[in-house]
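Just so you know, residue 1 is the first one in the sequence shown, and it goes up from there. Order of appearance sets the numbers: ligands from 1, and atoms from 1 within every ligand.
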Amino acid sequence: MNPTENIDKLMDESRQGEAFYISDNEPVTDTYVKRFYIESYGCAMNFSDSEIVASILSDCSYVPTKDIEHAHLILLNTCSIREKAEDTIRQRLKVINKLKYRKPDTMVGILGCMAERLKQSLLEEEKLVDLVVGPDAYRDLPGLINRVEDGSKGINVLLSREETYADISPIRLESNGVTAFISIMRGCDNMCSFCVVPFTRGRERSRDPFTIIAEATHLFEKGFREVTLLGQNVDSYKWQHPDTNELFSFANLLELVAQVHPDLRVRFSTSHPKDITDAVLHVIAKYENICDYIHLPVQSGNSRILSMMNRTYDRDWYMNRIMAIRTILPEATVSSDIITGFCSETDEEHLDTLSLMSWADFSMSYMFMYSERPGTLAARKYKDDIPDEVKKSRLSEIVALQNDIARAHNARDIGKTFKVLIEGDSRKSNDEFKGRTSQNKMVVFPKEPGFKPGDYVHVYIESSNSATLKGHIVKP
Ligand code: SAH
Ligand code: SF4
Ligand code: F3S
């Protein structure tokens with residue numbers, strides 16, 4: 001087979017949603033075909049968007065490479081959520097600029113939230129960047145690349161009220177072949193005062209449920225066994241059929257995806273405490289394949305701070321939601337996001353966060369120091385007045401407490417047996433598999449003949465630490 005035929009074949013496979021990489025040592029003899037390299041930062045939505053970008057680029061003869069040195073086009077899909085996230089990208093650009101100095105024909109593009117936030121100024125500040133493309137403008141990439149090839153810069157940062165990329169079949173880039181993300185909505189209509197996302201991602205819009213179900217079905221047929229439905233606030237998913245006017249809520253969507261196949265696990269992220277309904281909890285309870293795990297970011301345990309954050313719930317409301325989860329889903333675990341050192345937060349208010357964490361018994365938390373973002377409500381209205389040392393010491397208290405809670409949480413699983421979906425080899429050893437329980441806990445166990453990634457096994461838990469459970473396969 002000549003290299004061109006090889007590429008055509010790989011391209012055809014890619015259209016069915018498979019990742020495809022041409023060996024980097026193999027010369028691309030067809031001058032029409034070029035290689036792109038993409039790095040993704042930030043949340044799962046960005047990683048999912050990179051797979052949409054890969055699909056759009058494959059339609060204009062770009063194939064992915066894992067080796068930046070071989071790329072004709074280098075893309076960074078960026079995040080703006082905290083100042084540090086943007087600093088990381090600037091550092092990365094310095095390295096890429098050196099590469100571009102050596103190979104001036106390489107095209108460099110910034111995608112995602114930082115492109116949207118900084119717009120034209122990014123092209124002015126970072127002279128070697130050729131392309132700046134916001135999250136709703138990826139369909140324009142082929143046209144923008146042409147413009148750069150013609151010697152101009154390419155920029156499109158228009159946000160859309162309709163774009164959901166519903167018809168695009170993502171190319172799974174870093175896939176383990178078992179778990180995959182499916183975007184179900186874009187943007188966010190909440191105005192949490194600290195958050196840049198409504199500015200970088202635009203208005204909330206939901207994707208046609210029939211395309212979501214088709215994607216989940218297709219993934220299952222390809223051997224995938226777990227899908228995670230993604231949105232900034234999945235509980236506000238809402239889609240109306242244009243002909244019948246039938247309304248689909250998140251509870252309806254979840255049920256439809258669960259019905260794709262009993263062996264397809266369904267997860268979702270992120271839930272919002274103000275919007276998560278008992279109807280959703282009852283759907284989770286009804287289907288064994290919808291995982292017993294809810295990521296329900298609290299942000300703070302203090303009602304005054306929550307009100308300043310414009311989260312539109314208070315401590316009691318959050319506790320009430322946790323109690324509903326415990327009643328309807330007694331086996332479920334809950335995890336959280338926490339921001340420490342928000343404007344004017346006192347020591348007592350910080351203690352409220354610690355006490356709520358213990359009470360809620362979070363299996364895991366993502367914990368951050370407040371980082372002021374230009375243009376947000378908090379940046380305009382409040383002073384970022386908690387000194388860095390105080391933010392740091394509060395964060396380390398929160399991290400230490402979360403470790404203790406997680407260690408105790410996992411210790412309670414010793415002696416129990418869980419159904420685990422095998423995801424692949426464990427990080428430390430080829431003799432061990434890793435997989436997750438329905439409650440989203442990572443389990444490591446010795447391989448046994450006859451089992452492979454994508455299989456379900458029952459694992460008896462013998463030991464644990466704050467991050468992982470360890471055990472061995474048993475008969476169900
Ligand atoms: N849509 C999700 C969160 C998306 S951003 C939700 O509403 O829960 C992910 C997390 O980043 C947030 O939950 C928050 O904890 C954190 N975050 C967002 N903006 C931040 C900021 N300015 N400083 C520090 N952390 C922030
Ligand atoms: Fe940001 Fe709030 Fe929207 Fe989450 S819900 S993305 S924190 S504005
Ligand atoms: Fe970052 Fe944008 Fe996600 S700011 S967290 S990549 S929506």
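Counting protein heavy atoms only, atom 2 (Fe) of ligand 2 is closest to C192 SG, 2.3 Å. Of all protein heavy atoms, the one lying nearest to atom 6 (S) of ligand 3 is N46 ND2, 3.4 Å. The nearest protein atom to atom 4 (S) of ligand 3, hydrogens excluded, is given as S80 N, 3.3 Å; this is a heavy-atom distance. For atom 1 (Fe) of ligand 3, the closest non-hydrogen atom of the protein is C79 SG, 2.3 Å.
Around atom 6 (C) of ligand 1, the closest heavy atom drawn from K274, R311, M367, H295 belongs to R311.
Applying the 4.0 Å criterion to heavy atoms of P198 picks out, from ligand 2, the atoms 8 (S).
Within the 4.0 Å heavy-atom cutoff, R201 does not count among the residues contacting ligand 2.
If you look at F368 next to ligand 1, the close heavy atoms, those under 4.0 Å, all belong to the side chain. The proximity of Q299 to ligand 1, defined as any non-hydrogen pair under 4.0 Å, is limited to the side chain. Under 4.0 angstrom from ligand 3, the non-hydrogen atoms of C113 all belong to its side chain. Looking at I81 against ligand 1, both its backbone and its side chain come within 4.0 Å, counting heavy atoms. Using a 4.0 Å cut-off between heavy atoms, N233 makes no contact with ligand 2 at all.
In this structure, H295 has its ring center closer than 6.0 angstrom to the ring center of Y366.
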